[in-house]
Protein chains: 2
Amino acid sequence: MRHPNSGRRRRQPSEASNGSSIASSRRSSFAQNGGNGTSSRKSSELKGPCERVIHSAQDSLFSTSSGWTNFRGFFNLSILLLVLSNGRVALENVIKYGILITPLQWLATFVEDYSFTSWPNLGLILGSNLQILTVFGVEKILERGWVGNAFAAVFYPLMVITHLTIPVVVTLKHTSKNPLWSVAMMSIYVIESLKFISYGHVNYWARDARRKISEIKSQVTELARKTSDPKQFWDLKEDLSMHQMASAYPSNLTIFNIYYFMAAPTLCYEFKFPRTPRIRKRFLIKRIVELIFLSFLIAALVQQWVVPTVRNSMRPLSEMEFSRCLERLLKLAIPNHLIWLIFFYTFFHSFLNLVAEILRFADREFYRDFWNAETIAYFWKSWNIPVHRFAVRHIYMPMTRNRFSKMNAFFVVFFVSAFFHEYLVSVPLKMFRLWSYYGMMGQIPLSFLTGKVIRGGRTGNIIVWLSLIVGQPLAILMYGHDWYVLNFGLTAARNHTVGI
Amino acid sequence: MRHPNSGRRRRQPSEASNGSSIASSRRSSFAQNGGNGTSSRKSSELKGPCERVIHSAQDSLFSTSSGWTNFRGFFNLSILLLVLSNGRVALENVIKYGILITPLQWLATFVEDYSFTSWPNLGLILGSNLQILTVFGVEKILERGWVGNAFAAVFYPLMVITHLTIPVVVTLKHTSKNPLWSVAMMSIYVIESLKFISYGHVNYWARDARRKISEIKSQVTELARKTSDPKQFWDLKEDLSMHQMASAYPSNLTIFNIYYFMAAPTLCYEFKFPRTPRIRKRFLIKRIVELIFLSFLIAALVQQWVVPTVRNSMRPLSEMEFSRCLERLLKLAIPNHLIWLIFFYTFFHSFLNLVAEILRFADREFYRDFWNAETIAYFWKSWNIPVHRFAVRHIYMPMTRNRFSKMNAFFVVFFVSAFFHEYLVSVPLKMFRLWSYYGMMGQIPLSFLTGKVIRGGRTGNIIVWLSLIVGQPLAILMYGHDWYVLNFGLTAARNHTVGI
């Protein structure tokens with residue numbers, strides 16, 4: 001007689017099983033039952049199967065004393081419930097509003113904006129070639145020693161300030177209602193500014209290295225005159241890399257080299273970037289398809305899901321009904337986070353890999369495993385590697401080398417980041433509210449909470465996610481509300497129909 | 001110079017990394033860069049940190065060629081999103097309906113029902129002692145041989161049919177509007193019926209064993225007369241357990257023994273159950289607290305979340321608007337599934353462990369890891385162990401021993417289960433719609449799908465969950481709709497206000 005489910009997966013009680021558990025007294029109860037379970041196989045020919053012990057002393061799996069730990073099925077359940085419950089909200093949305101997605105209108109907006117209002121943005125982007133060539137020219141002059149480092153110390157700050165001011169002036173004077181093009185243009189200007197800083201910084205290091213080497217050379221001559229001990233020469237080997245750097249300079253100062261850097265998916269200048277042997281066509285096509293499909297998906301989700309939700313939040317926000325505000329916030333949080341995740345993949349994986357593949361740029365570390373981040377600090381170190389590398393190489397390290405405390409350097413990095421976040425939001429919206437700035441600066445106490453108080457772990461990871469899920473829609477609602485009031489007035493916001 | 005995030009967790013590319021990936025060409029690009037990364041530590045005193053290689057050839061983590069597999073953080077995210085998105089729906093519900101939970105009214109209903117309408121249910125439960133004593137008396141008579149097994153073969157079916165018919169007659173004649181008490185009473189009657197079958201079956205086996213032993217004894221006497229070879233006696237050792245069984249019988253036929261079995265959290269009778277050495281007070285208190293709190297939670301969730309949803313589904317269901325019906329179904333699915341999970345824990349863990357602890361009943365395997373079930377068959381084998389054991393021992397095994405095919409036996413088990421499901425729903429609601437019956441019988445094709453076509457795995461697990469999540473609210477909506485129409489008429493259902 002074989003039990004029909006004898007092939008079932010049996011539990012494996014852990015070694016650490018509670019001593020007072022029932023399982024530990026199993027032996028004695030088997031004995032109590034006469035241990036006749038062993039004879040079950042032989043009695044298969046008997047009519048009565050009662051000889052097989054049906055009951056044996058054992059704990060329920062949910063009792064910790066059972067030592068059972070395999071609850072993997074609940075993960076599938078949670079994913080399934082997530083899909084179903086949000087699928088329902090999406091369905092409810094479609095029932096209520098119908099399909100709001102209008103790709104043809106997007107195209108119309110695109111053409112319309114381009115013919116009248118967006119020329120300034122496109123013009124600014126094309127015009128920035130002038131600044132690139134200026135930076136290149138200045139580096140050429142610096143290399144030849146016609147002006148000193150003091151000139152660079154004045155030129156670069158002025159250059160960057162000018163480069164960041166031009167789009168602000170144009171955008172604020174400009175009458176376009178659609179801030180999307182301004183954001184795109186200004187992002188490019190910010191990226192260019194950071195690249196200018198890196199370019200200038202690295203070339204300065206190279207000139208420094210060249211100067212030091214010539215000093216060392218004269219020392220060597222001095223040493224060689226005094227002694228012939230080869231050990232003394234050996235010590236100079238440390239500076240091999242400095243030699244290499246100095247030797248690569250100034251051959252790097254070419255138009256092609258600076259334009260390759262401006263196009264490359266990195267903010268950190270190097271004389272030679274690692275390259276891939278060839279462009280992989282399949283890889284390229286996959287990234288292009290992803291880019292098109294996911295961009296469409298983001299636009300569709302925004303139009304269908306985010307816009308009605310933000311619009312319906314205007315009245316609760318003006319009237320400060322707390323429970324309704326919270327409900328709106330949570331309603332916005334889910335699609336917003338979904339869109340953020342899709343955006344992350346689209347930009348940091350599809351788009352940057354596409355650009356890198358075209359340029360045969362081999363370093364594809366555009367992000368690390370931020371999803372496993374157990375502290376806010378690790379999140380900021382891992383979700384945007386180009387910016388992180390820039391901040392470490394051109395802000396944090398120079399500051400610590402110049403005897404600023406690590407805390408100060410850390411603070412400055414977040415301050416710069418907060419500035420650019422605010423810059424990219426406030427100017428296109430023509431509203432100076434500082435919500436973005438506070439959002440970024442709020443990362444500092446959060447970072448201490450997750451790093452020093454919670455000390456990472458699963459709770460840390462959950463706090464990181466929570467800050468993203470809740471923080472972003474909070475900022476969106478703040479800006480959305482203020483923008484609505486600014487453009488349509490407080491009464492319009494209050495009178496707006498609320499529907500859940 | 002130490003990189004501030006040198007302690008970060010680095011990826012570990014798998015051995016199976018795609019040969020054509022960027023990572024595999026890393027060595028060459030390092031060479032291209034002059035391999036100067038190695039000197040970064042020594043150059044810590046230099047002002048320019050440019051010597052440290054910033055870029056190196058590597059794949060993005062989302063590229064399969066990177067070999068990265070740790071996406072654990074996304075599990076936390078999914079749990080968090082699940083809590084937040086359903087927390088929002090719950091908040092929306094409270095904003096819309098206010099607090100609907102009325103514990104005082106529950107108490108009132110309880111008292112009211114008890115004083116007038118529920119006496120019959122309580123009376124029936126107390127009255128079932130008569131049937132228990134009848135079964136005991138018959139077993140005594142059978143033991144003494146005053147009547148034969150033929151009598152038992154007539155008595156037990158009649159007994160069980162009567163036992164299952166009495167509550168039907170009383171419930172249908174009875175005018176109570178609240179079907180909850182009827183369900184409780186009828187569940188007890190079903191459990192008692194199954195226990196009667198097991199009790200009769202096991203005692204029959206014992207009598208059979210006793211008869212066989214007396215036959216063997218006469219054979220032995222015969223053998224002893226003919227020969228004195230001890231090997232012949234040895235062969236009889238197989239029947240040791242049969243001897244034990246026969247020797248335990250009829251000392252098991254006591255009032256205490258049958259009542260212990262009737263109270264014990266099992267449906268399978270055995271002469272001796274494994275016992276725990278003592279009642280653990282802490283364990284007992286924990287289970288009592290769980291039982292009270294979770295029962296309250298279930299009632300609150302039903303009143304606040306399920307009732308309004310079912311009520312609002314009446315019109316879409318009568319008008320057969322497909323998208324609205326689907327939306328309602330999904331809206332009901334989440335709280336229903338949550339309640340089912342809580343109910344499962346409350347009944348199968350808290351309640352049965354509580355009863356077992358009081359009775360010092362040591363076998364606590366009331367469920368197995370049904371959450372990991374990859375086939376429908378494994379789900380049914382693991383989620384309700386008392387019923388599963390009963391079905392195997394008293395339906396499936398006796399049938400296969402009597403040369404029925406396994407398929408037939410399997411079919412009969414599901415048929416019996418479907419019958420009892422329908423019985424426990426139709427009679428209290430006084431509506432014979434067979435939705436439950438079809439639901440259970442539908443498990444058979446589903447079982448073939450998951451077992452033979454999908455062959456388990458993660459997809460199988462997801463199908464098992466999906467059948468639970470969607471199947472149950474489908475049945476609830478069917479019964480809810482029909483009950484509403486039956487009690488208030490079709491027009492009332494159609495006119496019911498629909499609000500999402």
Side-chain angles (χ1 to χ4, degrees), chain A residues 5 22 29 34 36 39 42 48-51 54-60 62 72-74 76-82 84-86 88 91-92 95 202 205 208-209 238 241 244-245 268 270 272-274 276 323 327 330-331 334 349 353 362-366 371-372 381 397 461-462 465 500, chain B residues 5 22 29 33-34 36 39 42 48-51 54-60 62 72-74 76-82 84-86 88 91-92 95 202 205 208-209 238 241 244 268 270 272-274 276 323 327 330-331 334 349 353 362-366 371-372 381 397 461-462 465 500:
Chain A
N5 61 348
I22 295 171
S29 48
N36 45 11
S39 63
K42 290 222 169 186
C50 188
E51 298 78 19
I54 289 282
H55 301 91
S56 61
Q58 52 194 324
D59 289 312
S60 298
F62 287 139
R72 231 175 300 145
F74 285 117
N76 293 336
L77 175 66
S78 72
I79 296 283
L80 201 58
L81 286 180
L82 195 61
L84 286 180
S85 59
N86 286 295
R88 186 198 65 81
L91 182 63
E92 181 188 299
I95 290 173
V202 172
W205 290 334
D208 203 49
E238 292 195 22
S241 59
Q244 282 187 332
M245 191 169 192
C268 289
E270 268 192 307
K272 261 186 179 166
F273 291 112
T276 53
S323 59
E327 193 271 339
L330 292 177
K331 182 139 195 176
I334 310 294
H349 189 77
N353 261 304
D363 189 349
R364 306 297 169 86
E365 198 190 38
F366 306 123
W371 49 88
N372 295 330
K381 275 177 197 164
M397 295 310 299
N461 185 247
I462 286 172
W465 281 121
I500 290 176
Chain B
N5 60 348
I22 295 171
S29 47
N33 274 278
N36 47 10
S39 63
K42 289 219 167 183
C50 188
E51 299 77 18
I54 288 281
H55 301 91
S56 62
Q58 52 195 322
D59 289 311
S60 297
F62 286 139
R72 231 175 300 142
F74 285 117
N76 293 334
L77 174 65
S78 73
I79 296 282
L80 200 59
L81 286 181
L82 196 62
L84 287 180
S85 58
N86 286 294
R88 185 198 66 80
L91 182 63
E92 182 189 298
I95 291 172
V202 172
W205 291 333
D208 201 48
E238 293 194 22
S241 59
Q244 284 186 333
C268 289
E270 270 192 306
K272 262 183 177 169
F273 291 110
T276 54
S323 60
E327 194 272 337
L330 292 177
K331 182 140 194 176
I334 309 295
H349 188 78
N353 261 305
D363 189 349
R364 306 297 171 85
E365 198 189 40
F366 306 123
W371 48 88
N372 295 331
K381 275 178 196 164
M397 295 311 297
N461 185 247
I462 286 173
W465 281 120
I500 292 177

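In what follows, every chain begins at residue 1, and chains take the letters A, B, ... in the order their sequences are listed. Excluded from the calculations below are hydrogen atoms, water molecules and symmetry mates; all remaining heavy atoms, backbone and side chain alike, are included.
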For A:Ile334 and B:Ser85, which heavy atoms make the closest approach, and how far apart are they?
CD1-CB, 3.7 Å
Rounded distance (nearest 0.5 Å) linking atom CD of B:Glu327 with atom CD of A:Glu92
5.0 Å
Report the distance from atom CZ of A:Arg88 to atom CG of B:Asn86, rounding to the nearest 0.5 Å.
8.5 Å
Indicate yes or no for a side-chain donor-acceptor contact from B:Trp465 to the backbone of A:Leu81 under 3.5 Å, with no hydrogens or angles considered.
no
CG/B:Leu330 to CG/A:Leu84 distance, rounded to the nearest 0.5 angstrom?
6.0 Å
Grab the two heavy atoms, one from A:Ser78 and one from B:Ser78, that are nearest each other, plus how far apart they are.
OG-OG, 3.8 Å
Exercise: identify the closest heavy-atom pair between B:Cys268 and A:His55
O-CE1, 3.1 Å
Please find the pair of heavy atoms, one from B:Ser60 and one from A:Asn353, that lie closest to each other, and give the distance.
OG-ND2, 3.0 Å
Can you tell me how the ring of B:Phe74 sits relative to the ring of A:Trp371, calling it parallel under 30°, perpendicular over 60° and tilted otherwise?
parallel
Whether the side chain of A:Asp363 engages the backbone of B:Ala57 through a donor-acceptor N/O pair (distance < 3.5 Å, no angle test) should be reported.
no
Approximate separation, where rounding is to 0.5 Å, of B:Asn372 CG and A:Leu77 CG
11.5 Å
